[in-house]
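Each residue takes its place number in the sequence, starting with 1. Small disclaimer: the values here were computed from a predicted structure and weren't measured.
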Amino acid sequence: MTSRARALTFGYLLALQFFYAWAWSSSDILRPYFRSFYGLTLAEAGSAYSAQVIGALAGALLTGGIEHRIGRRATLMLVTGGCGAALLAGAGVDDLAGLIAQRLVLGLFMGAVFPLTVGLVVDMFPARQRGRLSSLVDGTYFIAVIALGWASAAFLPGQWLLMFWPPALCLFALMLACLGIALPPAPDKAAARPHGAAALFARGLRARTLGLITMIMLNASGHQIFSGWLTTFMTETEHYGDAAIAATLTAQYGGSIAGCFLWGWAADHFGRRAGRFGLLASAVFVLLFLFLPGPLWVRQISAFMFGCAFATVVTLGPWLAELYPPHLRGPATSIFQWGRCASLVVPLASGVLATAIGLGAVMALAAAAFAAAGVIWWILPETCHRLVPGRPVIMAC
């Protein structure tokens with residue numbers, strides 16, 4: 001591939017990431033409106049996210065096999081068009097059963113986006129660029145969440161359809177645009193057996209895989225406990241208005257955008273495990289946001305710092321791919337979705353627990369989850385050793 005072709009394909013991935021992020025984050029950002037429109041309890045509102053995660057887990061597991069059978073381009077078009085159709089279906093939902101079904105199908109297609117994106121970045125670019133390029137992809141994710149937050153403040157509850165129609169139409173356009181971009185050939189899997197998800201648990205890889213799943217489970221659970229309930233906490237517990245909530249989300253995800261570049265640079269220069277410090281810092285800023293006294297702007301500073309620290313997860317994609325042989329990259333990157341499977345019960349459990357001890361106390365549990373995930377990251381293997389001038393680069397991919 002030429003440099004121009006790689007740049008165009010990477011730009012396509014950025015656009016896909018924006019609308020993927022809009023679709024995925026709508027289960028969190030729009031949760032207070034789900035409760036209001038459909039008359040849901042906290043646990044029922046959380047069940048929409050759980051359905052989405054179940055679908056994403058299935059999608060991640062199926063992606064490798066589908067890509068192997070029909071090719072990268074056809075798989076990318078299927079996933080992009082499927083995301084658009086499933087998101088558009090949300091405009092017609094009118095009860096809890098419909099919401100759960102729509103989120104389940106949407107999750108099925110969205111679960112394939114991360115493995116496909118990471119696989120393309122790893123196959124198109126050298127190791128010393130992957131951290132920074134992945135940070136650009138995830139920075140786009142956080143920009144989309146900010147856009148969704150402001151859009152919901154500006155148009156809801158009156159213009160509900162605007163949350164679905166424009167992004168769905170853009171996803172359909174991306175499905176067609178896929179015909180015009182260059183894609184690298186997928187790694188040859190025929191010469192290496194087994195190449196499915198079961199191979200990740202082979203002797204010598206089992207402990208690593210279980211450690212990664214546990215780490216991502218804790219990280220996803222912490223994020224869902226804190227960020228998943230953030231808008232509900234600010235609306236129903238702290239009684240802030242839509243503009244204040246949108247500004248807080250902007251602070252959080254603005255910090256995430258800044259953190260993307262920080263952690264992407266750190267991962268390429270100091271190793272992939274540099275990100276462990278971000279998760280440990282996330283635990284601290286969760287507690288500061290919830291319990292530090294002061295006006296709203298004090299909380300918004302804590303939200304900005306939390307977002308910056310949590311953005312360390314942008315380096316997970318290249319690291320997961322590099323921890324395994326090339327023929328296992330697809331199943332390896334799907335571990336990110338496997339790890340989310342624990343978080344599918346978190347909204348339900350935390351919603352029930354919040355009725356007993358309060359939403360703020362439940363959200364504080366995120367700090368323990370982030371701290372534990374950071375410790376596990378600390379002890380897992382490195383794949384990109386520190387870049388030292390005058391020494392050769394050592395890659396253990």
Side-chain angles (χ1 to χ4, degrees), residues 10-31 48-49 52-53 55-56 59-60 76 79-88 90 102-103 106-118 120-121 133-153 155 162-175 177 216 219-220 223-224 226-228 230-231 246 248-261 263-264 303 306-308 310-317 333 336-337 340 343:
F10 187 72
Y12 177 93
L13 294 178
L14 294 181
L16 174 60
Q17 186 73 3
F18 182 93
F19 295 107
Y20 158 78
W22 183 291
W24 184 273
S25 300
S26 62
S27 66
D28 294 338
I29 304 299
L30 302 183
R31 193 173 297 177
Y49 176 84
Q52 184 171 290
V53 172
L76 194 56
V79 168
T80 305
C83 284
L87 179 62
L88 188 58
Q102 183 257 342
R103 287 288 148 178
L106 181 59
L108 180 66
F109 289 104
M110 290 194 296
V113 173
F114 184 80
L116 288 171
T117 301
V118 172
L120 286 169
V121 170
L133 291 171
S134 294
S135 74
L136 286 175
V137 172
D138 285 279
T140 304
Y141 182 103
F142 296 125
I143 291 172
V145 179
I146 292 174
L148 176 59
W150 282 107
S152 63
F155 299 115
L162 290 178
M163 300 297 103
F164 304 98
W165 273 98
L169 292 176
C170 290
L171 283 165
F172 293 143
L174 285 175
M175 178 183 67
I216 296 174
N219 172 70
H223 183 262
Q224 186 54 214
F226 181 70
S227 295
L230 182 60
T231 54
T248 304
L249 289 174
T250 300
Q252 177 183 344
Y253 292 104
S256 294
I257 293 169
C260 281
F261 297 103
W263 296 112
F306 167 79
C308 185
F310 181 75
T312 188
V313 298
V314 304
T315 63
L316 285 177
T333 53
F336 186 77
Q337 299 295 359
R340 280 176 162 170
S343 70

As an exercise, state the distance from CG of L16 to OG1 of T117, rounded to the nearest 0.5 Å.
5.5 Å
Who pairs with Q252 by side-chain hydrogen bond (donor to acceptor under 3.5 Å, both in side chains), at least two apart in sequence or on another chain?
S227
Nearest atoms (heavy-atom pairs only) where L88 meets A168:
CB-CB, 3.8 Å
Quick check: closest heavy atoms across I29 and G149, and the distance to 0.1 Å?
CG2-CA, 4.1 Å
CG/L76 to CG/L120 distance, rounded to the nearest 0.5 angstrom?
6.5 Å
Checking F306 now: which residues fulfil ring-ring contact (aromatic ring centres under 6.0 Å, His included) with it, not counting sequence neighbours?
F226, F310, F370
Under a 3.5 Å distance rule, please check whether W263 uses its side chain to pair with a backbone N or O of C308 as donor and acceptor.
yes
Stepwise side-chain contact (heavy atoms from CB on, under 4.5 Å) test for F19 and L87:
CA-CA 10 Å; F19 295 107; L87 179 62; over 6 Å; no
Distance col, row F164:CZ vs L169:CG, nearest 0.5 angstrom, shows 13.5 Å
For L174, is there any backbone N or O sitting under 3.5 Å from a side-chain donor or acceptor partner on Y12?
yes
Does V145 form a side-chain contact (heavy atoms from CB on, under 4.5 Å) with L249? I'd like the steps, not just the answer.
CA-CA 8 Å; V145 179; L249 289 174; 5.6 Å; no
Tell me, with the steps shown, if Y20 and L171 meet side-chain contact (heavy atoms from CB on, under 4.5 Å).
CA-CA 9 Å; Y20 158 78; L171 283 165; over 6 Å; no
Under the side chain to side chain contact (heavy atoms under 4.5 Å, CB included) rule, collect the residues that match up with I143, sequence neighbours excluded.
F18, I257
What residues form a side chain to side chain contact (heavy atoms under 4.5 Å, CB included) with C260, not counting sequence neighbours?
S135, D138, F142, A311, V314
When you measure from the side chain of W22 to the backbone N and O of M163, does any donor-acceptor pair fall under 3.5 Å?
yes
Taking only residues two or more places apart in sequence or in another chain, which ones pass side-chain hydrogen bond (donor to acceptor under 3.5 Å, both in side chains) with W165?
none
Applying side chain to side chain contact (heavy atoms under 4.5 Å, CB included) to L162 and not counting sequence neighbours gives F155, Q159, P166
Nearest-0.5 Å distance that lies between atom OG1 in T140 and atom CG in L14
4.0 Å
Before giving the answer on side chain to side chain donor-acceptor pair (under 3.5 Å), spell out for S25 and Y141 the whole-Å C-alpha distance, their side-chain angles and the decisive distance to 0.1 Å.
CA-CA 9 Å; S25 300; Y141 182 103; 3.2 Å; yes
Spatial distance of atom CD (Q102) from atom OG (S27) [nearest 0.5 Å]:
10.0 Å
Is the backbone N or O of W24 less than 3.5 Å from a side-chain atom of Q52, with the two atoms forming a donor-acceptor pair by type?
yes
Any donor-acceptor pair under 3.5 Å linking the side chain of S256 with the backbone of G307?
yes
Can you tell me how far the CZ atom of R31 sits from the CG atom of L230, to the nearest 0.5 Å?
10.5 Å
Note: C83 and V113 closest approach over all heavy atoms is SG-CG2, 4.3 Å
So S26 and R103, side-chain contact (heavy atoms from CB on, under 4.5 Å) or not? Walk me through it.
CA-CA 10 Å; S26 62; R103 287 288 148 178; 2.9 Å; yes
